[in-house]
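Reading through the C-alpha cells given below for one structure.
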Amino acid sequence: MKNIHLIAAARPNFMKIAPLYHALSKESWCCVSIVHTGQHYDPNMSDAFFRDLAMPKPHFHLEIGSGSHAEQTGGVMIAYEKVALADKPDWIVVVGDVNSTAACAMVGAKLWIPVVHLEAGLRSRDRRMPEEINRLVTDSIADVLWTPSRDGDENLKREGVPAERIECIGNIMIDSYEMLRGVIEADATRGGLGLAPQSYGVVTLHRPSNVDTREALAPLVESLLAVSQRVPLVFAVHPRTRKKLQEFGLMERLTGSGAIRAVDPLGYIQFMNLVTGARVVVTDSGGVQEETTYLGIPCLTLRENTERPVTVTEGSNQLVTPGSLVGALDAALAKHGRSGHVPDLWDGRAASRAVASLKRRSGVKA
Ligand code: UD1
Ligand code: UDP
C-alpha cells in the first residue's frame, strides 16, 4: 500500500488537491493523507474550501500561519520534516507555487522521498515574484513534473529536465469546476447581491507588486473607480489587500461611490457563481486567469507578465496596466459572446491522468 501525502497550504491549493484526493481515495493500491501547512487559516481562506470541495479535515495540520518568507518557508520545513519522518510517505505531492510548496519539496528531496509537482513548468520569468522562485526551486528538485499545458513541458525541457520526468496531465482546477458545476450554477450568491447575469464585473487583487505600496495601490483604486463608472464591480478583497487598503486609508475612496462593492473573500462555490455571471473580470490572480479562460469570460490581468501565457494566446486573458485598464475594458464590453478557446487537456480529467501516472510510477499493474 503506497502512502501518499497531498500538501495544501493556501487558497489556490485547495481546488488543485481536491480532485486528486477524491480520485486517489477510490484506489486500492494507495492511502492518501492531506497535509495542511496552515499558511492560510481564516475560515474563508481555508475551511470554506474543504467544505465546498467535500474534503475531510486535514490528516496533519502544521499550523504555521503568517510570517516573512523565511519564517514561513523554514517553519513549514521544520514541521513537515517531523511528519514525513514519522509517517514515511512513499510520495509527496506539492501543488502550485506558494512558500509551502517549495518548503515541502525540499523536505522530501532531502529525505529521499519522491516528490511530484502538480502545476509544474509555469514561468513568468520575473524573479521579483516570490512565486517564481518557488516554481524554480520546486521544479529543479521534484522527481515528477505534472504540467497543466504544453508550454510547461517546453520550459522544463529548456532547463534540462529529463523528458521522462515530465507529464502533461492538464489543468486540474478545471476538474474542480466541473465537479461542482451544477452546485455553482444553482448557488444564490449572485442573486443575493441583486446582480443580473452579464451586468457586473468581478475584481480580485493580492499580488504584493500591486497592493503592498501606496504608490502601486492608489492608482489602481482610481482605475477601478473609472471602470465602475461603466460597469458596477464586486471586489472580493483578499486579507493582504484589505490590510493595505486600510493602512493607506484607501477603503473609503474605493467604496465611497457605491459602484464598487467590497466583500470578504468568498468560498469557491460562491465566488465561481459570481464569476460565471460576470461580464468581465479584473484580477492579478493566477487561478482566476485560468478559470476565465475556461469559461470564455474576458479577463483583464493587472500584471506585467504571466506564468500562464496560454490564457493570453489561446484564452480570454489580456495583460493590462492601471493606465490601459479602462481602454481594454471598453474594448471587452464592445464584444459579445465567448472569448478565446479552451487549451488542450483542460477537460476535467486531469486527476485521472495524475492517478494513472502515480500508479504506473509506483509499479502497480493497470
Ligand atoms: C499567498 C502566496 C501567493 C498566492 C496567495 C493566494 C506565497 C509567497 N504567496 O500569498 O502565491 O497567490 O497566497 O491567495 O506563498 N492573511 C490573513 N489570513 C489568512 C492568510 C493570510 O489575514 O488566512 C494575511 C496576513 O496578514 C498575511 C497576509 O495575508 O501576512 C499574506 O499572507 P501570505 O500567505 O503570506 O501571502 P498571500 O498574499 O496570501
Ligand atoms: N477564489 C475564491 N474566492 C475568492 C477569490 C478567489 O474561491 O474570493 C478562488 C478562485 O476561483 C481560484 C483561486 O481562488 O480558484 C485562486 O486563488 P488566489 O487568487 O488566492 O491565488 P493565485 O491563483 O493567484 O495563486
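As the structure lists them, so they are numbered: ligands from 1, and atoms in each ligand from 1. The structure presented is a predicted model; accordingly, all values stated were derived computationally and were not measured.
- When only non-hydrogen protein atoms are considered, atom 16 (N) of ligand 1 lies nearest to Tyr41 OH, 3.5 Å.
- The shell of residues lying under 4.0 angstrom from ligand 2, judged by heavy atoms, includes Gly267.
- No donor-acceptor pair closer than 3.5 Å links the side chain of Ser339 to the backbone N or O of Ser316.
- Remark: the backbone N or O of Ser66 is not paired with any side-chain donor or acceptor of Glu71 at under 3.5 angstrom.
- Protein heavy atom in closest approach to atom 25 (C) of ligand 1: Ser66 OG, 3.4 Å.
- Here the protein heavy atom with the shortest distance to atom 31 (C) of ligand 1 is Arg240 NH2, 3.8 Å.
- Under a 4.0 Å heavy-atom criterion, Arg242 is not in contact with ligand 1.
- For Tyr294 and His341, the gap between ring centers reaches or exceeds 6.0 Å.
- Residue-ligand proximity: Gln270 is placed with every non-hydrogen atom at 4.0 Å or more from ligand 2.
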In residues 47-57, what donor-acceptor pairs under 3.5 Å come from side-chain atoms, sequence neighbours left out?
unit_1	atom_1	unit_2	atom_2	d
Asp52	OD2	Tyr268	N	3.0
Asp52	OD2	Ile269	N	3.0

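- Taking all atoms of both residues into account, the shortest heavy-atom contact from Ile184 to Asn273 is O-ND2, 2.9 Å.
- By the 3.5 Å distance cut-off applied to N or O atoms, His69 is not counted among the residues near ligand 1.
- Judged purely by atom type and a 3.5 angstrom limit, Asn13 uses its side chain to pair as donor or acceptor with the backbone of Ala10.
- The protein heavy atom nearest to atom 26 (O) of ligand 1 is Lys243 NZ, 2.9 Å.
- Counting only heavy atoms of the protein, atom 39 (O) of ligand 1 lies nearest to His40 NE2, 2.7 Å.
- Residue contact check: Ala236 has heavy atoms under 4.0 Å from atoms 8 (O) of ligand 2.
- At the top of the distance list for atom 6 (C) of ligand 1, counting protein heavy atoms only, stands Pro12 CD, 3.4 Å.
- Ranked by closest heavy atom to atom 24 (C) of ligand 1, the top entry among Gly286, Gly96, Pro239 is Pro239.
- The closest protein non-hydrogen atom to atom 11 (O) of ligand 1 is Glu131 OE2, 2.6 Å.
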Would you tabulate the side-chain donor-acceptor contacts of residues 354-363 under 3.5 Å, counting partners in other chains and residues two or more places apart, or write 'none'?
unit_1	atom_1	unit_2	atom_2	d
Ser357	OG	Trp146	NE1	3.0
Ser357	OG	Glu167	OE1	3.4
Ser357	OG	Glu167	OE2	2.7
Arg360	NH2	Glu167	OE1	3.3
Arg360	NH2	Glu167	OE2	3.1
Arg361	NE	Glu167	OE2	2.8
Arg361	NH1	Glu164	O	3.4
Arg361	NH2	Glu164	O	2.7
Arg361	NH2	Glu167	OE2	2.9
Ser362	OG	Trp91	NE1	2.8
Ser362	OG	Leu358	O	2.7

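- In this structure, atom 14 (O) of ligand 1 lies nearest to the protein heavy atom His238 NE2, 3.0 Å.
- For atom 33 (P) of ligand 1, the candidate residues are Glu132, Gln39, Glu71, Arg11; the nearest heavy-atom contact is made by Gln39.
- Counting heavy atoms under 4.0 Å from ligand 2, residue Ser285 touches it through both backbone and side chain.
- Comparing Val263, Asn13, Thr204, Leu266 by heavy-atom distance to atom 8 (O) of ligand 2, the nearest is Leu266.
- Taking 4.0 Å as the cut-off, Gln289 does not count as a neighbour of ligand 2 on heavy-atom distance.
- Contact annotation for Glu131 and ligand 2: no heavy atom of the residue comes within less than 4.0 Å of the ligand.
- Of all atoms in ligand 2, numbered sequentially from 1 with element shown, those under 4.0 Å from a heavy atom of Arg207 are 24 (O).
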